[in-house]
Amino acid sequence: MTEIPKNHPRYESLMTREQINAGVDKGMTSRQGLLAQGRGEAFDYLIGEQTIESANYAEAVAVCLLLLAENPVISVNGNAAALAPAELVTLSQLTGAKLEVNLFHRTEERIQKIIAELKENGADVVLGENAEPLLPLEHERAKVEREGIYDADVIFVPLEDGDRCQVLGDMKKLVIAVDLNPLSRTAQSAHVSIVDNLKRALPNMIDMIPEFKNMNEADLWEIVEAYDNKVVLVDAIETIKENLTAKQNEVLGIEKDDSDDGDKKERKTEQRKRGRIQRDPEIAKKVMLRGADLMME
Ligand code: PTJ
């Protein structure tokens with residue numbers, strides 16, 4: 001492993017690369033997983049390498065859904081296992097979700113290694129080795145366990161490739177995806193698309209759980225029902241556009257326009273809000289504020 005000095009400006013990002021690399025060395029992560037990480041990094045750069053407000057909101061809704069589900073399952077692939085094995089186990093323990101290994105580049109050896117890694121991190125049972133081709137897909141992701149993904153009502157899928165996400169949705173399952181690319185088929189077809197780095201999303205979700213566990217089911221449903229995934233996707237794309245424009249202005253030496261009078265500013269804020277409006281803005285606000293508070297604690 002390359003020694004990365006803590007004061008390196010790209011420390012976090014370089015350490016994540018080391019983690020993925022170590023996953024390949026351990027035989028858990030596919031080499032294709034390195035490329036997937038690179039694509040993720042590029043999108044992370046574009047969203048500003050931080051959990052944007054709408055992702056925080058989607059994470060809160062994802063927690064509510066996992067708590068409400070009757071048979072929630074967390075699907076684990078080679079990248080997720082390398083990046084956040086302990087957090088995946090904690091999320092599963094705190095929400096009662098089962099863990100199931102499901103791979104695109106499936107080999108029995110990789111399945112076993114990922115199961116072992118999750119168990120080393122405290123998991124009791126990990127599904128995936130007795131998978132059967134139960135999903136209508138032409139590739140290895142079709143192989144799922146009957147009492148796991150096949151029977152699940154809510155499935156959490158970090159770093160998916162789009163096909164399965166669509167198929168699971170067609171099977172009337174609710175899909176929560178974590179994908180830094182808001183344009184991907186996965187992000188576009190999931191019910192809750194978390195446009196955030198898995199390494200930030202999981203600890204944030206774990207922090208939120210105690211708060212939501214104290215709420216009754218009716219309140220949790222209220223939050224879930226008010227959620228509109230389109231708003232979250234639009235917000236992520238909008239963030240990328242804003243960041244690109246800010247960079248472009250910086251390159252051109254264009255100063256930020258501070259000459260707006262109060263009225264104009266208010267109108268602009270109102271327009272932006274309208275573009276991102278929730279079906280029930282009051283509830284959306286409540287959840288966003290709650291998420292933001294939790295993050296600051
Ligand atoms: O372990 P396997 O065999 O199941 O294979 C896993 C990979 C990830 C290789 C496979 O599912 C794949 O090829 O995925 P894709 O189609 O490259 O999609 C991965 C998506 O995850 C891309 O849209 C990336 O932007 C996104 N991504 C990459 N790293 C992260 C991420 N999203 C969130 N957090 C990350 N750290």
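Keep in mind that this is a model prediction, so the values were computed, not measured. Residue numbers count from 1 along this sequence. Every number for a ligand or one of its atoms is a count from 1 in the order of the listing.
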For atom 6 (C) of ligand 1, what's the nearest protein heavy-atom neighbour? Residue, atom name and distance, please.
Asn77 ND2, 3.7 Å

Is the closest side-chain donor-acceptor distance between Arg39 and Asn181 under 3.5 Å?
no

Decide, yes or no, whether a salt bridge links Arg10 with Glu49 under the criterion of side-chain N to carboxylate O below 4.0 Å.
yes

Heavy atom of Arg106, distance to ligand 1 below 4.0 Å:
no

Check this for me: does any side-chain nitrogen of one of Asp163 and Arg185 sit under 4.0 Å from a carboxylate oxygen of the other?
yes

Under 4.0 Å from a heavy atom of Gly33: which atoms of ligand 1 are those, numbered in the order shown and with their elements?
9 (C)

A student comparing Leu159, Leu183, Ile194, Leu34 should find that the heavy atom closest to atom 29 (N) of ligand 1 comes from Leu159

Which atoms of ligand 1 are found less than 4.0 Å from any heavy atom of Leu103?
1 (O), 3 (O), 4 (O)

Look only at interatomic distance and state if Arg141 has a nitrogen or oxygen under 3.5 Å from any nitrogen or oxygen of ligand 1.
yes

Atom 32 (N) of ligand 1 has as its nearest protein heavy atom Leu180 N, 3.2 Å

Ala201 versus Ile194, closest heavy-atom pair with distance:
CB-CG2, 4.1 Å

Any N or O of Asn197 that comes nearer than 3.5 Å to an N or O of ligand 1?
yes

Could you tell me whether the side chain of Ser92 and the main chain of Ala97 form a donor-acceptor pair under 3.5 Å?
yes

Does the distance from a Lys or Arg side-chain N to an Asp or Glu carboxylate O, for Glu41 and Arg17, drop under 4.0 Å?
yes

Considering distance alone, does some N or O of Leu198 sit under 3.5 Å from an N or O of ligand 1?
yes

Can we say Lys26 and Glu117 salt-bridge, meaning some charged N sits less than 4.0 Å from an Asp/Glu carboxylate O?
yes

Considering non-hydrogen atoms of the protein only, which is the closest contact for atom 18 (O) of ligand 1, and what is the distance?
Glu160 O, 3.4 Å

Protein heavy atom at shortest distance from atom 7 (C) of ligand 1
Asn79 OD1, 4.3 Å

So is Leu83 polar-close to ligand 1, meaning N/O to N/O under 3.5 Å?
no

Could you tell me which residues satisfy salt bridge (Lys or Arg N to Asp or Glu O under 4.0 Å) with Asp196, sequence neighbours excluded, listed by chain and number?
Arg200

Suppose we measure from atom 12 (C) of ligand 1 to each protein heavy atom; which comes out shortest, and what is that distance?
Asp161 CB, 4.3 Å

Which one holds for Asp196 and ligand 1: side chain close, backbone close, both close, or neither close, with close meaning a heavy atom under 4.0 Å?
backbone

Identify the closest protein heavy atom to atom 17 (O) of ligand 1: which residue and atom is it, and at what distance?
Arg39 NH2, 2.9 Å

Which residues pass the salt bridge (Lys or Arg N to Asp or Glu O under 4.0 Å) test with Lys199, sequence neighbours left out?
none

For ligand 1, find out whether one of its N or O atoms is nearer than 3.5 Å to an N or O atom of Phe43.
no

Just jot down the ligand 1 atoms closer than 4.0 angstrom to any heavy atom of Ala36, in number order.
8 (C), 17 (O), 24 (C), 28 (C), 29 (N)

Close-contact set for ligand 1 against Gly40 heavy atoms, below 4.0 Å
24 (C), 25 (O), 27 (N), 28 (C), 29 (N)

When you measure from atom 4 (O) of ligand 1 to every protein heavy atom, which one gives the shortest distance, and what is it?
Phe104 N, 2.8 Å

Considering only heavy atoms of Gly78, which atoms of ligand 1 have at least one such atom less than 4.0 Å away?
1 (O)

With a 4.0 Å cut-off on N to O distance, would you call Arg106 and Glu108 a salt bridge?
yes

Does atom CD (Glu12) have a neighbourhood of more than 12 heavy atoms from anything else shown, all under 6.0 Å?
no

Arg110 side chain to Met28 backbone, donor-acceptor under 3.5 Å:
yes

Pairs of nitrogen or oxygen atoms closer than 3.5 Å, one from His105 and one from ligand 1: do any exist?
yes

Considering distance alone, does some N or O of Asp179 sit under 3.5 Å from an N or O of ligand 1?
yes

Report the C-alpha separation of Ile47 and Asp44 in whole Å, then their side-chain angles, then the decisive distance to 0.1 Å, and conclude whether the side-chain contact (heavy atoms from CB on, under 4.5 Å) test is met.
CA-CA 5 Å; Ile47 64 163; Asp44 207 5; 3.8 Å; yes

Report the C-alpha distance between Val175 and Phe156 in whole Å, list the side-chain angles of each, state the deciding distance to 0.1 Å, and finish with yes or no for side-chain contact (heavy atoms from CB on, under 4.5 Å).
CA-CA 6 Å; Val175 182; Phe156 180 73; over 6 Å; no

Got an N/O contact under 3.5 Å between Arg110 and ligand 1?
yes

Is the closest protein non-hydrogen atom to atom 27 (N) of ligand 1 under 4.0 Å?
yes

When you look at CG of Asn216, are more than 12 heavy atoms from neighbouring residues, nucleotides or ligands closer to it than 6.0 Å?
yes

Within-shell test, Lys199 vs ligand 1, heavy atom, strictly < 4.0 Å
no

